[in-house]
Amino acid sequence: MKNKEITSIRGVHDYFPTELKLWNYIENILREVLTSYCYLEVRLPILEKTEIYKRAIGNVTDVVEKEMYSFEDKKGNSITLRPEGTVGCVRAIIQNRLLQQKKTNHKFWYLGPMFRYERPQMGRYRQFYQLGAEVFGLDTEDIDLEIILLTNRLWKKIGVDRDVTLEINSIGSRIDRFQYKKELVSYLKKYEHILDEDCKRRLYTNPLRILDSKNQEVQKILQEAPLLSQYINKSSNIYFKNLCEMIASYGIKYIYNPKLVRGLDYYNDTVFEWKSDKLGSQNTICAGGRYDSLVQDMGGENTSAIGFAIGIERLVLLVKSINNISNIEEEINIYIIFSREDEKNSAIKLSEEIRNIYPTLKIFINFFSQSVRKKIKNAKNISARIVIIINKKETKKRYFLIKDLKKKQEYYLIKDDLMLKIKDFFKIKNVSI
Ligand code: ATP
Ligand code: MG
């Protein structure tokens, strides 16, 4: 190890306070909006048994074939770091019999890291964060609509609504897709020699994924290919038509994309993505759809379901690309300085008293052994709003020196007046002293 730098694993990231300011700003809005639609938070394990993903996501999907972080534990059981949240959530609700409880609200959300062994690039990492939401037990268009309304509201509140577009499609039932796959494969086999390596492999594993290939040559071949929309059963078609009309009636613009499919096997009927043209090729910030057979496939009762997931890093990149929100909040409200070691206690005592009265203020005591001049300079550098200087002589007389860094004023106040003044400084209401 000597002389060798210690580094992280490729494709995983450290996030520091400046970055997290933006993350927290976004996460607070996500939380607020989800709560306003009565979604309930759940926290689920990051580790699951590998078999549940193989069964539910599909053995021949990209995720299971090449992207999973799987390893053996000490007893030789195969464990996987979750690549997505839906499967774990369904496992949890079946295991804990949540759907058997007589509640009418089965809407859940979670936020946390996911892991996929992919080639790292902008917007694509090996550890990334997702906000996922899942709704169980509803099988009418209303809930699909509500999810579109909810996500639309998120973009508005975050301020990215003008930079995202909704794409939507129906992929019908499993039987529809089975029929269609046969036709698609027999059409594409004629062009197998000119397909790229990925598509060649998918021809035998997951042919539907060829539809959303980014390769222009492949897209050219697909122009004459049979269309999935022509294989979709009547009731799925009506459902989709109704949903599109409902979305339009709320003034939400969408693009019908007949080639939109999902990377995981468990979806049916409605699928959608919110995309942005500000993100390069990793342009999907939110993806979702119905998965009406997954709960039963995983051993639960027959339960319809729909969900979506937002890639937080991509959302952060999008916000950064259009907004200059470097100063979301003031860093420090009150910066306390003492000049001598025996004044330290007065500083701590004062800070505790201020926090008792004003619990939302951010109060910082400089504990370094520096000169008062240096401490004041530091307070200015980090844009503290006011500085309180504790000086034994003045404290004895019960006075504190206050420096208003914004207005460049300074004055002495006794403690009671200081407490009142703080209320003015930070425009705090509903506090009686
Ligand atoms: P992609 O086509 O970009 O690989 P996907 O179909 O694999 O996406 P989903 O499984 O639907 O993605 O995940 C939902 C969202 O999570 C994506 O739309 C994206 O915003 C985010 N996401 C997926 N994989 C990654 C990753 N490796 N790094 C960062 N974000 C990701
Ligand atoms: Mg992927």
Side-chain angles (χ1 to χ4, degrees), residues 9-13 15 23 26-27 30 53 56-58 60-69 80-90 109-134 147 151 154-155 158 160 163-169 171 198-199 201-202 205-206 208-215 218 257 259-268 270-291 294 306-321:
I9 292 169
R10 201 161 110 86
V12 311
H13 293 274
Y15 297 107
W23 279 62
I26 292 174
E27 284 176 19
L30 296 174
Y53 296 113
I57 296 179
V60 289
T61 54
D62 282 359
V63 169
V64 170
E65 264 189 332
K66 357 174 254 195
E67 295 175 3
M68 289 211 302
Y69 272 94
T80 294
L81 287 171
R82 60 180 184 193
E84 56 93 85
T86 305
V87 170
C89 185
V90 170
W109 70 271
Y110 46 83
L111 190 140
M114 306 291 160
F115 304 83
R116 295 185 195 179
Y117 196 81
E118 304 198 68
R119 194 171 68 79
Q121 52 199 292
M122 189 179 92
R124 194 179 291 292
Y125 315 104
R126 291 187 172 170
Q127 174 175 332
F128 60 99
Y129 283 76
Q130 265 186 359
L131 176 289
E134 321 286 348
I147 282 181
T151 42
L154 286 176
W155 317 138
I158 296 171
V160 295
D163 303 275
V164 291
T165 349
L166 173 62
E167 292 190 9
I168 185 160
N169 189 23
I171 57 167
D198 249 1
C199 290
R201 184 173 47 83
R202 284 177 172 157
T205 56
N206 198 356
L208 283 190
R209 271 319 287 274
I210 298 177
L211 294 180
D212 68 358
S213 160
K214 293 197 170 105
N215 184 330
V218 175
N257 176 358
K259 287 194 185 133
L260 183 69
V261 287
R262 306 288 319 120
L264 316 178
D265 266 1
Y266 51 66
Y267 288 100
N268 64 276
T270 317
V271 293
F272 67 91
E273 288 191 4
W274 286 94
K275 293 185 179 172
S276 174
D277 57 12
K278 293 234 156 65
L279 293 174
S281 53
Q282 270 52 257
N283 57 358
T284 304
I285 56 165
C286 171
R290 296 203 73 85
Y291 50 95
L294 184 62
I306 179 168
F308 65 88
I310 298 172
I312 303 289
E313 285 85 350
R314 291 189 197 175
L315 185 53
V316 169
L317 281 172
L318 180 59
V319 174
K320 277 188 185 165
S321 79

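Ligands are counted one by one from 1 in listed order, and the atoms in each one are counted from 1 as well. Just so it is clear, the model here is predicted, and its values are computed rather than measured.
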Problem - Whether Y266 and Y291 hold their rings parallel, tilted or perpendicular, with breakpoints at 30° and 60° - result: perpendicular
Exercise for the section: Could you list which atoms of ligand 1 come closer than 4.0 Å to a heavy atom of A287? Expected result: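 Near A287, the atoms of ligand 1 are 11 (O).
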Exercise for the section: Check each atom of ligand 1 against the heavy atoms of I285 and keep those under 4.0 Å away; list them by number with element. Expected result: 20 (O)
Handout entry: Salt-bridge contact R116-E84 (side-chain N to carboxylate O under 4.0 Å)
Key =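 No, this pair does not count.
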Kindly indicate whether the side chain of [X], heavy atoms from C-beta on, has any atom under 4.5 Å from the side chain of [Y].
X	Y	value
L154	I310	yes
Y53	L264	no
V164	C286	no

Exercise for the section: Would you indicate which of Q121, R262, Q130, K214 comes nearest to atom 11 (O) of ligand 1 when only heavy atoms are counted? Expected result: R262
Practice task
Pick, from K275, E118, R124, the option with the minimum heavy-atom distance to atom 1 (P) of ligand 1.
Solution key: R124
Report the nearest protein non-hydrogen atom to [atom]: residue, atom name, distance rounded to 0.1 Å.
atom	answer
atom 20 (O) of ligand 1	T284 O, 2.8 Å
atom 28 (N) of ligand 1	Y125 N, 2.9 Å
atom 26 (C) of ligand 1	F128 CD2, 3.4 Å
atom 21 (C) of ligand 1	G311 CA, 3.7 Å

Practice task
Could you tell me whether atom 8 (O) of ligand 1 has a protein heavy atom closer than 4.0 Å?
Solution key: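 It does not; no protein heavy atom is within 4.0 Å.
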Handout entry: Y125-Q282 side chain donor-acceptor pair, cut-off 3.5 Å
Key =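 Result is no, nothing qualifies.
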Problem - W274: which of N283, T284, T165, T151 passes side chain to side chain donor-acceptor pair (under 3.5 Å) - result: T151
Problem - Nitrogen or oxygen atoms of R116 and ligand 1 under 3.5 Å apart - result: yes
Exercise for the section: Tell me which part of V63 gets within contact of ligand 1: side chain, backbone, both or neither, using heavy atoms under 4.0 Å. Expected result: neither
Practice task
Taking the six-membered ring for Trp and the full ring for Phe, Tyr or His, determine whether the centres of Y129 and W23 are under 6.0 Å apart.
Solution key: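 Ring-ring flag for Y129/W23: true, centres closer than 6.0 Å.
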